[in-house]
Protein chains: 2
Amino acid sequence: MSIKYAILGFLSWTPLTGYDLKKLFEEAAVFHWSGNNNQIYKALVELHNDGLLTLEVQPQADRPPRKIYTITERGMAALRAWLLSAPELPQVKQTFLVQLAWADQLSPPELEALLNQYDEELRVQLLMFQTHRERGKVSPRRTTREAYLWDMLMDNWIAYYENERRWLERLRAGLSSLPPEGEP
Amino acid sequence: MSIKYAILGFLSWTPLTGYDLKKLFEEAAVFHWSGNNNQIYKALVELHNDGLLTLEVQPQADRPPRKIYTITERGMAALRAWLLSAPELPQVKQTFLVQLAWADQLSPPELEALLNQYDEELRVQLLMFQTHRERGKVSPRRTTREAYLWDMLMDNWIAYYENERRWLERLRAGLSSLPPEGEP
DNA sequence: CAAATCATGTAATGTGTTACATGATTCG
DNA sequence: CGAATCATGTAACACATTACATGATTTG
């Protein structure tokens, strides 16, 4: 896809500036974007050229003018069409798995240290999402269903990290019950 | 990271050509690379320039010469250093979650259809990995531990898809028990 | 006084994919 | 006879990140 549909999504709630969107992406940890300028401002220009957004410029003294983008009917239609389109499979990049693939070159304590580090990183991340969830951050959600869906977005990440840690535990257990050296 | 360490990993087993590596990446579904040329051939040139690989060219009649790359001691050291370095967190891009985020704009049957499609895609992918696992594909693994680790790579993916499907089920269950219309 | 906030934007770089190009050989 | 295999490589593009640039204002 691209970040464009997420932008259309936010704008389907209310008109926003590029700067507003940047902050929304930074807050919304459920999405995979860091909230970098380059993409957002470029995408806004393109969406505007495609007639999916309209633009109102508010000049300000001593600051750059605010450019407020509003979604058009065509924009709403494009968003809706995308919402109905076939979902993509998740894309997962697990550098850690590449490390593991050749981790047989490490000694048992070195491997153990590696696993411990990974587990610790997962633990921290999990904690972050869990606390983040309690203050139900980000944006005006209006229906029960919408609130539920957004909660489940968070839940997806939490479930992901929990599952990853369970897998690690199994990996550890299996390792410790391997025969001490060599063959089959 | 980059694909470079995975290449060093394969070459730590045995010398290979770019073409060999391409096929290995295509087979090794546990990694997230499609096995595209561009990256592999470029990476090989760079690794060679950095002195991590040596190169032997075997001319062939009527075919491009085979370029056989062998890992050097510096290459082995670089690989080992990377294996010991702190693991990165997984990078997950869930386009589907972005769709869900604004799926409140869909009618109940439309949303249900979306969930069904996603579930079906997960199911197919899961089946693929499960059958792939049975014929324990890819490469000469020599120690019990190495064989175990590679099996657990597969297992990680299977666990991922299974977890994702469980989450979907919970989502469905929660949806069906929401109040029919409106407020908090 | 330093840092964060507001608000726009550009430049450079990394990572990854698809498609194109060549050209003989072998397989279905 | 068309497709796949072998074997190299390039070109174009998509997506994403970090860092740079400007410049006033507010906050710690």
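Both backbone and side-chain heavy atoms feed into the values below; hydrogens, waters and symmetry mates do not. Convention: sequence-line order gives letters A, B, ...; per-chain numbering from 1.
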Without decimals, in angstroms, what is the distance between [X] [atom1] and [N] [atom2]?
{"X": "A:Ile7", "N": "D:dC15", "atom1": "CD1", "atom2": "P", "value": "12 Å"}
{"X": "A:Asn37", "N": "C:dA7", "atom1": "CG", "atom2": "P", "value": "13 Å"}
{"X": "B:Arg66", "N": "D:dG9", "atom1": "CZ", "atom2": "C1'", "value": "17 Å"}
{"X": "B:Phe25", "N": "D:dA7", "atom1": "CZ", "atom2": "P", "value": "18 Å"}
{"X": "A:Lys4", "N": "D:dA16", "atom1": "NZ", "atom2": "C1'", "value": "15 Å"}
{"X": "A:Gln91", "N": "D:dA14", "atom1": "CD", "atom2": "P", "value": "16 Å"}
{"X": "B:Asp20", "N": "D:dG9", "atom1": "CG", "atom2": "P", "value": "13 Å"}
{"X": "B:Gln60", "N": "D:dG9", "atom1": "CD", "atom2": "C1'", "value": "15 Å"}

With nearest nucleotide decided by heavy atoms, which residue, B:Lys42 or A:Asn36, maps closer to the 5′ end of DNA chain D? B:Lys42
By nearest-heavy-atom nucleotide on DNA chain D, the more 5' of B:Lys93 and B:Val45 is B:Val45
Quick one: label A:Lys22 by what it contacts on the DNA or RNA (base, sugar-phosphate, nothing), any heavy atom closer than 4.0 Å. nothing
Determine the contact category for A:Lys23: base if any of its heavy atoms lies under 4.0 Å from a base atom, sugar-phosphate if only primed atoms, P, OP1 or OP2 are that close, otherwise nothing. sugar-phosphate
Tell me, which pairs form a ring-ring contact (aromatic ring centres under 6.0 Å, His included) where one or both residues lie in residues 45-70 of chain A, sequence neighbours left out? none
Nucleotide nearest [X] (side chain, heavy atoms from C-beta), chosen from [options]:
{"X": "B:Asn38", "options": "D:dT10, C:dG9, C:dC6", "result": "D:dT10"}
{"X": "B:Gln39", "options": "C:dT8, C:dC6, C:dT17", "result": "C:dT17"}
{"X": "B:Arg63", "options": "C:dC6, D:dC6, C:dT18", "result": "D:dC6"}
{"X": "B:Tyr41", "options": "C:dT18, C:dG23, D:dG9", "result": "D:dG9"}
{"X": "B:Ser2", "options": "C:dT8, D:dA7, C:dT15", "result": "C:dT15"}
{"X": "A:Asp62", "options": "C:dG16, C:dG9, D:dA24", "result": "D:dA24"}
{"X": "A:Tyr19", "options": "D:dA7, D:dT10, C:dT5", "result": "C:dT5"}

Would you say a side-chain N or O of A:Ser34 is under 4.0 Å from OP1 or OP2 of D:dT17? yes
Would A:Glu46 and A:Lys42 pass as an ion pair if we require N to O under 4.0 Å? no
Answer yes or no: is there an ion pair linking A:Lys22 with A:Glu26, defined by an N-O contact shorter than 4.0 Å? yes
How are the rings of B:His132 and B:Phe129 set relative to one another: parallel (under 30°), tilted (30 to 60°) or perpendicular (over 60°)? tilted
Any chance the rings of A:Trp102 and B:Phe31 have centres within less than 6.0 Å? yes
